[in-house]
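Below: one structure, written as structure tokens.
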Amino acid sequence: MSERAAGSEAGVRRPPGPLLLGVRHHGPGSARAVRAALDAACPRVVLLEGPPEADALIALAADEDMRPPVALLAHVVDEPGRSAFWPLAEFSPEWVAIRWALEHGVPARFIDLPATHTLAREDKDEEEKEDVAEGEGEPGEPDGALSEPARAVRIDPLAVLAETAGYDDPERWWEDVIEHRGARAEDAFAPFAVLGEAMEALREVYGTGGHDRDLVREAYMRLQVRAAQREFEDDVAVVCGAWHVPALRQRTTVAADRALLKGLPKVKADMTWVPWTHRRLSRVSGYGAGIDSPGWYGHLFAAADRPIERWMTKVARLLRDEDRPVSSAHVIEAVRLADTLAAMRGRPLPGLTETTDAVRAVMCEGSDVPLALVHDRLVVGDVLGEVPASAPAVPLQRDLARLQRRLRLKPEAQERELELDLRKETDGGRSRLLHRLRLLGVGWGEPVASRGSTGTFRETWRLHWEPELAVRVAEAGVWGTTVIAAATAKAETDAVGARSLAEVTGLAERCLLAELPDALPVVMRVLADRAALDADVGHLAQALPALVRSLRYGDVRGTGTQALAEVAAGLAERVFVGLPPACAALDAEAAEEMRGHVDAVHGAVGLLAEGAEGAEGAAGDADDSRSGIRGRWHSVLGTLSARDTVPGVVRGRAVRLLLDDGELGQEEAARLMGLVLSPGTAPGDAAAWIEGFVGGGSGGGMLLVHDERMLGLVDSWLTGVPGDAFTDVLPLLRRTFSEYEPGVRRTLGELVRRGPGPRGSVADTVSGTPGFGPDLDEDRAGAVLPVLRLLLGLDETDGDVGDVGDRGNNDLVGAGR
């Protein structure tokens, strides 16, 4: 006796013709109903809404390494960026139908419009592009596939049915009618018949409901259903969106359906399986259906019994893991409250609304803060599917998967931070991989500031794998078959097409970080050509720091950077020559920007000079190097500090940098400040000079704390500013002093209140602050040297700790990336 005959003897009445199982995509109630209907009908073939190109991939659903959520990915062979997804979760009716067919040895086929037509869109249709950019799509359309421009008001069938039934929330209506309905063997086909009748009534009123492209898709599906009926003697089951059921029942001629398909554009497309996430399912976009609670739906589908009790237990476990005081009594009370709320609201069983209200009241004590965690971790969830290695993939994807396995760097849906020590082989490989992927536009990792170390040997990454990155990998496959080859080709192309010098220097830095030695010659050649032609000092000043950082990164990775050092030295010389003329006659905004350039060049020169000193020191020429690039830069700063045509903020910063480097004594700095703050200088210019000297995060606050002469000069000048000019300089001064640490501001206030010595005098004074003397106490400073040697792992033969300290400071500057 056949399975179908056995089902008939059990009293199950199957509708005549093809069995049309209209579903809601990603609906657990629909999924359970589909399974029950297939068990009752036992069809000889199962037809599914989806691209026919995926038929060859259906068998992979039986692989033990395939774990939903997953998605079918189709992309244009010659343009991988043009792509579409068909996501499937464990609770998706289509996935349940596929698994049923594989378990029962029944063929399963996709019957929707082929991806070769879906991806063949007209690029000139800008409105169509906007629909996709905003994540809009039609019911049952692939996520990310382009849809026809809306020529009518688009309707949400479930929203219309819910409103007709008196519900203000389509999700709540769906739960009451489908999710909470008990499945009984004797009515396995009844829910599909009722839902089909409802959709037929809607389509009589609304037609296509604004989804005009459905006419073409449904014509193709009807042709495929007819073909299957002929092949399998009408023993066919069709699992599709309920919206399409009336169209598939419609009696049309083969000629009419073929006419609708005539002349459709085509492209060559490839298809594979890719991992998907619950979080991506929650977005409102096309086939993704925009379900608000994939984690909740997954729980409803997986919970064989007592779903509310099991859900509350999950919530309690999560909150306890976050150190919230939740006990078994809380779980019992939350279940009771959810049941009570459902009864009061006339619902057959508690839904997500009732469980959420109960969790908020009982476990979260009325607070939405822990409730937000429950929503993020459980209601939505961070589940990431898995795809077997045997799934088709572009060569670049296969190489990436191989590197991920070798480096033990598994993609995860949940965001996490990864600390890397570049001195270790595995961590160095991870760093190179992440940098190469970023260069290819695959943003799996994002560099963030390191915690606990500022050395160049350490990196911190924030990792977060999104399904869309599979498209980026496929798109990057045009550059090469391996990650390193693709990154090299991409870097070379980007260098040739770069529009500014800063882009090329940034690219050189990224090539060193990604360790792409084959790309560096091309990048360096372009860099040298651009640097020789660019006469804008601002552009040169922006480019120099990136070059010097590249030298530091190359050094820590053991990469040769001689060519880069030569270009950097030449660029620095051009900056030295062009900077003084470029600083003349600038307005306030341009002057502030130029101050930033001066700071950047100063830091770069320090690192560049250190590198030169290290290289020359081996030959005994360190002193010549010190008087070389660093000395020339100090001459430029001296020129800037003395020219009246240079804006005050730049002059003040030049004086401060010379003071910090020991090229200017305290007496001379105080003298220059006294000249600037004299009555002959306009208050606005004087305030700008002060801002440049002690502002911009340069540690100027501590300088004023420890040098009461300068504090006295500033205080005397400020108290003498005329009232009409005071309102003009106040915003600039407030910005300057607001950057100081609270403790520094408090100390300055105390010093001003007490009166810091003779006002306006530049004579030596003894500090009135306990613990501070007029000069450096070398004996007290030397007392810390043994501790520094211990921390740095040095012995008495390793030279002056101060030299080591200088190198450490330069490392700190180089690590500020």
Side-chain angles (χ1 to χ4, degrees), residues 70-71 73-85 87 133 143-144 270-277 279-280 283 382 384-387 389 391-418 420 426-448 459-495 497 503 506-507 509-516 518-519 523:
V70 292
L73 164 63
H75 64 85
V76 178
V77 173
D78 299 328
E79 191 181 346
R82 293 170 62 181
S83 59
F85 294 97
D143 185 18
D270 274 348
M271 182 162 282
T272 187
W273 289 106
V274 295
W276 205 250
T277 66
R279 197 168 302 280
R280 187 64 179 82
R283 301 179 188 175
D382 287 311
L384 174 65
E386 296 183 18
V387 170
V394 297
L396 181 63
Q397 176 64 60
R398 293 195 179 280
D399 184 60
L400 174 58
R402 179 185 62 83
L403 292 172
Q404 289 171 333
R405 290 192 298 270
R406 182 170 67 83
L407 298 172
R408 300 187 298 278
L409 203 58
K410 184 178 179 180
E412 296 178 3
Q414 189 171 359
E415 187 176 281
R416 68 183 180 100
E417 284 195 359
L418 178 68
L420 299 179
T426 299
D427 282 1
R430 291 171 173 175
S431 173
R432 290 189 293 272
L433 174 62
L434 294 171
H435 279 296
R436 289 168 183 172
L437 291 176
R438 276 176 55 82
L439 200 149
L440 289 170
V442 182
W444 179 17
E446 183 74 22
V448 295
E459 285 183 345
T460 303
W461 291 82
R462 182 175 292 118
L463 303 182
H464 184 205
W465 184 267
E466 287 277 9
E468 290 83 352
L469 294 178
V471 178
R472 303 285 79 82
V473 173
E475 196 169 10
V478 300
W479 299 107
T481 58
T482 64
V483 173
I484 186 172
T488 298
K490 181 71 161 50
E492 293 174 351
T493 303
D494 287 350
E503 286 186 29
L507 185 61
E509 181 180 2
R510 295 169 69 186
C511 286
L512 285 169
L513 291 170
E515 198 170 309
L516 300 175
D518 293 339
V523 176

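One-based numbering along the sequence shown.
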Which residues share a salt bridge (Lys or Arg N to Asp or Glu O under 4.0 Å) with Glu386, sequence neighbours left out:
Arg67, Lys410
Can Arg430 and Glu459 be counted as an ion pair, charged N to O under 4.0 angstrom?
no
Any Lys/Arg nitrogen of Arg462 or Glu415 sitting under 4.0 Å from an Asp/Glu carboxylate oxygen of the other?
yes
Quick one: are [X] and [Y] in side-chain contact, heavy atoms under 4.5 Å?
X      : Y      : result
Asp399 : Ile484 : no
Leu409 : Leu418 : yes
Pro467 : Thr277 : yes
Val471 : His75  : no
Glu515 : His435 : no
Leu469 : Leu437 : no
Leu433 : Arg436 : no

Main-chain N/O of [Y] paired with [X] side-chain donor or acceptor, under 3.5 Å:
X      : Y      : answer
Thr460 : Val448 : no
Asp270 : Val77  : no
Ser431 : Asp427 : no
Arg398 : Ala389 : yes

Considering the options Val387, Leu384, Val274, which one meets the side-chain contact (heavy atoms from CB on, under 4.5 Å) requirement together with Val70?
Val387
Between [X] and [Y], which heavy-atom pair has the shortest distance, and what is it?
X      : Y      : answer
Val523 : Ala495 : CG2-CB, 3.9 Å
Ala393 : Thr272 : N-OG1, 4.4 Å
Leu507 : Ala491 : CD2-O, 3.3 Å
Leu396 : Gly477 : CD2-N, 3.6 Å
Pro87  : Ala71  : CA-CB, 3.6 Å
Gly480 : Ala486 : N-CB, 3.8 Å

Evaluate the ring planes of Trp444 and Trp465, with Trp represented by its six-membered ring, and classify them as parallel (under 30°), tilted (30 to 60°) or perpendicular (over 60°).
perpendicular
Could I get the full list of side chain to side chain donor-acceptor pair (under 3.5 Å) partners for Glu446, not counting sequence neighbours?
Arg438
